[in-house]
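Structure, as C-alpha cells:
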Amino acid sequence: MDRGERTAYVTIVRKEVVRIFRIWSQTLLPSVITTSLYLLVFGKLIGSRLPLEQKVNYLQFISPGLILMAVITNSYGNTSASFFGAKFSRSIEELLVSPMSSHTLILGYLTGGVLRGVFVATLVSLVTYFIGGNLELRHPFWALVILLEVSLFFALLGFLNGLLAKDFDDINFIPTFFLTPLTYLGGIFYSMDMLPPWWQLLSHFNPVYYMISSFRYALIEAGEDTIMLTFIFLPLLLTLLYFASYYLVQKSSALRH
Amino acid sequence: MSSWALEVRNLRKVYENGREALKGINLTIPIGDFFGLLGPNGAGKSTLISILVSLTRKTEGKVRIFGVDIDEDFPLARKKIGIVPQEFNFNIFEKVLQIVANQAGYYGLSYRQAKERAEYVLQELQLYEKRHEQARVLSGGMKRRLMIARALVHDPAFLILDEPTAGVDLELRRQLWHYLEKLNAQGKTILLTTHYLEEAESLCRHIAIIRDGEVVACKDKKSLLAMLDTTTLVLELERPLKRQISLPGVSVNQIDAETIELTFPSRVPMSKIMKLLERKQISFCSVKNKTNRLEELFLMLTQKEESHG
Ligand SMILES: Nc1ncnc2c1ncn2[C@@H]1O[C@H](COP(=O)(O)OP(=O)(O)OP(=O)(O)O)[C@@H](O)[C@H]1O
Ligand SMILES: [Mg+2]
C-alpha cells in the first residue's frame, strides 16, 4: 500500500470509529442490554434448573455464544448500515471521486465493521464477567483469531448487503430472516447432544454452529473442537467473499452507473 | 505536457435503461480557461461531468485530463480534479470540518495537513465559524460553499462546478463569482455549468452549448455572441412621444408613451443610431440592452426546430 492509499484507509477507519461513538446508543448499547437480559433470564433464572452434563455451569456455557452473537450482529450491522447510508446520502461519492483504490475503500469499511465487533465483544465480555462471575480464557490466541475471523466474515457479508441494497428494507431483510435464525440455532443455548439426531444433522449445515463451537472451545474447552474446520473453511470463505466484493465494486452498477 | 486541461473525443453514454445521454461529444478546454457548459435540463451536462470524475462509466470515447487518459491512469487524473456536484452529497450528520478534512484524507493528505488545508479553505469560503457544526444546520447557500471548500481541499488544478449558484442569493452569487475569478486568475482551470446565462456571460471565456447529448455550439464567448446578429435597445424617453416614429433600417416598437424598443442589425454602429435619433429630435434619459443576449442565443440554439419536426 503506498502512502496515499494508507492515509485514505486510515481516514475511512477514523470516520467509521467516529460514527460508532457518535451514535453509540445504536451501535454499542443494544448488545450490552440484550446480553444482560439473556444472561439474567436464561443464565440465572432458567439455567440454574437445567441438568447439564458438561463440567461447566450453564452461564459459562452460554457466554461464548452470546459474545459471538454480539460480534455477528454488530459487524454485519456496521458495514451494511454505514455503507448503505453512505450510498443513500451519496457521501460515498467523496470516496469514489478520490484516487483511492477499491481495495482501500473495501478494507476501510471492513475494518470499521471489525472494530465495532471488537468494541462490542469487549463490552459484552465485561457484562458476562460481572453477571456470570467467571469468564475463562483457555486459549486466548485462538479465541482472538476466531473472533476476528467471524467479525470479518460478517463485516464482509454486511458490506455486500449494503452494496447491493436499494432501500433500507433490503438491509433489514437478511439479518431478520437469515442471521438471527442461524445464530439462535447455532447452539448458543444448548449443547448438540441434547438434540434429536435429525436436528443434530441439520445443525452441521449451519456455519454459525461451527463458529460458536470453536469459540466456546477456545474459551472454556467445552463442546466440540472444530477449530481445524474453522481455520480451513473460514479463510477460504473470507477470500471468496472479499473478491466478490471487489469485483462488484469495480464492475457493477451498484456504485457507478 | 498537454496544453489541454480536458480533451473529450466521441464520448458516448448509454444508461442501463437504454437512454442515450451523450451522443458522441467532442470538447477541449485549454489549461487556465474558464469554460461554461450550458444546456437545458436533461441535456447531459451532469452526465458528462460525472464521467470525468468516475461516478459514471462511459460507454465509448476517449477522455484525457491534463493529458492523462482516464482509461490508463484514472487515479492520477482524479487527483487533478475538484468536483462540486449539482446535488448535496455529504453526510449531514458529520461536522463541517470533518467532512472537508476527510475528503483531504481520501486524497492522501496526512491528518495534520488535511486539517490545516480544511481550515484554510473553510476560511476562504467563510465557513470557518461553522466548522464544528453538523452539516445539517447549514443554510442552503452554506451547504453549496461547503461543497466548494471540499472540492478545493486538495488544491486541484481543475475545478468542475455543476450549477454551483443554484439557489444562492444574489449577493452571495456575486461573491462566489469573484472567488471563482480569483481562483481562475491563480491558474486553476474552471468548468462550470449553469442555468444563469448572465453568469456564463460575465465569467466564462469559452462556452459550449449542449442539447440532447450533442454539442450544438462551442466557441469563445465573443464569437458566440456574434452569432447573434441583431441588437435590441430599450430607451426611456425624456418627453412622451406624440406620434408614431420610424427610423430607416431600424424596427421601432413602442411599449408606452415614454418607452421604445429599437431592433437593428448588430453590425450597424451605435453612433449611426444615435444620429438617427438626434435628427428626429428624440432625446432619452436611459438606454439599455433589452435581453440578456446570451439568453436569446441559447433559446435559438436549444429550441428544437418544431416547425420542421
Ligand atoms: N442514472 C441514470 N439512469 C438513466 N438515465 C439517466 C440517469 N441519469 C441521467 N439520466 C438521463 O440522462 C439525460 C441527461 O441527464 P443529465 O443529468 O446529464 O442532464 P443535465 O444536463 O445535467 O440536466 P439538468 O440541467 O437538469 O441538471 C436525462 O435524460 C436523464 O434523464
Ligand atoms: Mg445536471
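Proteins come first, then strands; the chains are lettered A, B, ... in the order of their sequence lines, and each starts at number 1.
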Evaluate the side-chain proximity of B:Y107 to A:P99: yes if any heavy-atom separation is below 4.5 Å, no if none is.
-> yes

Does A:Y247 OH have over 12 foreign heavy atoms under 6.0 Å away?
-> no

Which region of A:V10, side chain (C-beta onward) or backbone (N, CA, C, O), has a non-hydrogen atom less than 4.5 Å from a non-hydrogen atom of chain B, or is it both or neither?
-> neither

Main-chain N/O of A:L96 paired with B:S54 side-chain donor or acceptor, under 3.5 Å | yes

Measure B:E94 against the heavy atoms of chain A and call it side chain, backbone, both or neither at under 4.5 Å.
-> both

More than 12 non-hydrogen atoms from neighbouring residues, nucleotides or ligands closer than 6.0 Å to NZ on B:K79, yes or no?
-> no

Note, A:R22 side chain near B:Q134 side chain (heavy atom, < 4.5 Å) | yes

Report yes or no: does B:R78 contribute a side-chain atom to a donor-acceptor pair with the main-chain N or O of A:V97 at less than 3.5 Å?
-> no

Euclidean distance, A:R19 CZ relative to B:Q98 CD, rounded to 0.5 Å | 12.5 Å

Within 6.0 angstrom of B:K23 NZ, more than 12 heavy atoms from elsewhere = yes

Portion of B:F74 that has a non-hydrogen atom of chain A nearer than 4.5 angstrom | neither

Take atom OH of B:Y179 as the centre, draw a 6.0 Å sphere, and report whether it contains more than 12 heavy atoms from other residues, nucleotides or ligands.
-> yes

Shortest non-hydrogen contact from B:Y106 toward A:A8 = O-CB, 3.8 Å

Checking B:I99, B:N102, B:N91 against A:E94 for side-chain contact (heavy atoms from CB on, under 4.5 Å), the one that qualifies is B:I99

Chain B contact via A:K87 - side chain, backbone, both or neither, heavy atoms under 4.5 Å | neither

Measuring heavy-atom distances to chain A, does B:L55 have an atom under 4.5 Å in its side chain, in its backbone, in both, or in neither?
-> both

Evaluate whether atom OH of A:Y242 has more than 12 neighbouring non-hydrogen atoms of other residues, nucleotides or ligands under 6.0 angstrom away.
-> yes

Does atom CZ of A:F168 have more than 12 heavy-atom neighbours, drawn from other residues, nucleotides or ligands, at distances under 6.0 Å?
-> yes

Are the side chain of A:R256 and the backbone N or O of B:I51 linked by a donor-acceptor pair below 3.5 Å?
-> no

Part of B:L109 lying under 4.5 Å from any heavy atom of chain A | backbone

With a cut-off of 6.0 Å (strictly less than), are more than 12 heavy atoms of other residues, nucleotides or ligands near NZ of B:K130?
-> no

Do side-chain atoms of B:E16 reach the backbone of A:H257 as a donor and acceptor pair under 3.5 angstrom?
-> no

Between the side chain of B:R57 and the main-chain N/O of A:S253, is any donor-acceptor distance below 3.5 Å?
-> no

